[in-house]
Each structure stands twice: as C-alpha cells, then as structure tokens.
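What follows is one structure encoded as structure tokens, with my remarks underneath.
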Amino acid sequence: QYLGDNVNIRHYEQPNETLVYMCVDTKRPDYHFYKKMPSPSNHWLHKPGQQGIRLTDGAGEMITDPRMADHNYVEHDYSLGCGFFLLRKK
C-alpha cells in the first residue's frame, strides 16, 4: 500500500506491518529500498547492491528517517525519494 511521503513513521509499529521507503537513482535507472527495523528500534536498514546489510547512510550516519539520510553513494545517487509503502503480512 502506497502511503506517500508525508508519513509519521513512528505510527507504524505493528508486528504484522513493515514500513519501507523507496528512492530512485538520479544518475541511472535503478532504485533502492530502506526498511524500518521492528520496535523498539528507531533505525532503518538497507542493502546497497551486492554489499551486506547496513544501518548507516552514505555519510556513515545511523538512519532514523530515510527522508533525511544521505543517499549519495560512490556509484549511485538515490536522492529522488518516491515515498513510503506499507507491507502487511497475511
């Protein structure tokens, strides 16, 4: 379910829900997702390409809000945000 970009990210804390944020590379046709970690954590994780899972953004800072994260990586610039999506487990 698409939620848009103006979302209170702390509102989605249910165990059967996963909040994700999508952004698009401005240099090439590619996209990237950030996933909110379960409560009580306030952090987001992502997996850049073939690298391992990270809790830090392009500047090495912990991600607490993907809208404010540094999305510029060596080969990609994911600075075009597309908004939040809510995934529900059945």
**Asked** Are Met62 and Ile53 co-members of a hydrophobic cluster defined by side-chain heavy atoms under 4.5 Å apart?
**Response** yes
**Asked** Pick one: which of Asp5, Asp65, Ile9 meets side-chain contact (heavy atoms from CB on, under 4.5 Å) with Tyr21?
**Response** Asp5
**Request:** Check the surroundings of atom CG in Asn6: do more than 12 heavy atoms from other residues, nucleotides or ligands lie under 6.0 Å from it?
**Result:** no
**Fill in**
Nearest heavy-atom contact between Cys23 and Gly81 is CB-CA, 4.0 Å
**Message:** Taking the side chain as everything from C-beta on, heavy atoms only, tell me whether Phe85 gets closer than 4.5 Å to Met22.
**Reply:** yes
**Request:** Find out whether Asp25 and Leu80 are in side-chain contact, i.e. whether some heavy atom of one side chain is under 4.5 Å from a heavy atom of the other.
**Result:** no
**Message:** To the nearest 0.5 Å, what is the distance between CG on Leu3 and CG on Leu19?
**Reply:** 6.5 Å
**Prompt:** How long is the span from the CG atom in Asp77 to the CG atom in Asn72, to the nearest 0.5 Å?
**Reply:** 4.0 Å
**Asked** From Thr64 OG1 over to Met37 CE, what is the distance, rounded to the nearest 0.5 angstrom?
**Response** 13.0 Å
**Asked** Does any non-hydrogen side-chain atom of Lys36 lie less than 4.5 Å from one of Val20?
**Response** no
**Request:** Measure the spacing between SG of Cys82 and OH of Tyr2 and express it to the nearest 0.5 Å.
**Result:** 7.0 Å
**Asked** Hey, which of Phe33, Tyr78, Tyr73 is the one that makes ring pair (Phe, Tyr, Trp, His ring centres under 6.0 Å) with His46?
**Response** Tyr73
**Asked** Is Asp30 paired with Arg28 through a side-chain N to carboxylate O contact shorter than 4.0 Å?
**Response** no
**Request:** Drop me the distance from Lys47's NZ to His32's NE2, to the nearest 0.5 angstrom.
**Result:** 9.5 Å
**Request:** Flag the pair Thr56 / Ile63 as yes when at least one side-chain heavy-atom distance between them is below 4.5 Å, and no otherwise.
**Result:** no
**Prompt:** Is a side-chain donor-acceptor pair under 3.5 Å present for Tyr34 with His71?
**Reply:** yes
**Request:** Ignoring hydrogens and angles, tell me if any N or O in the side chain of Asp57 forms a donor-acceptor pair with the backbone of Glu61 under 3.5 Å.
**Result:** yes
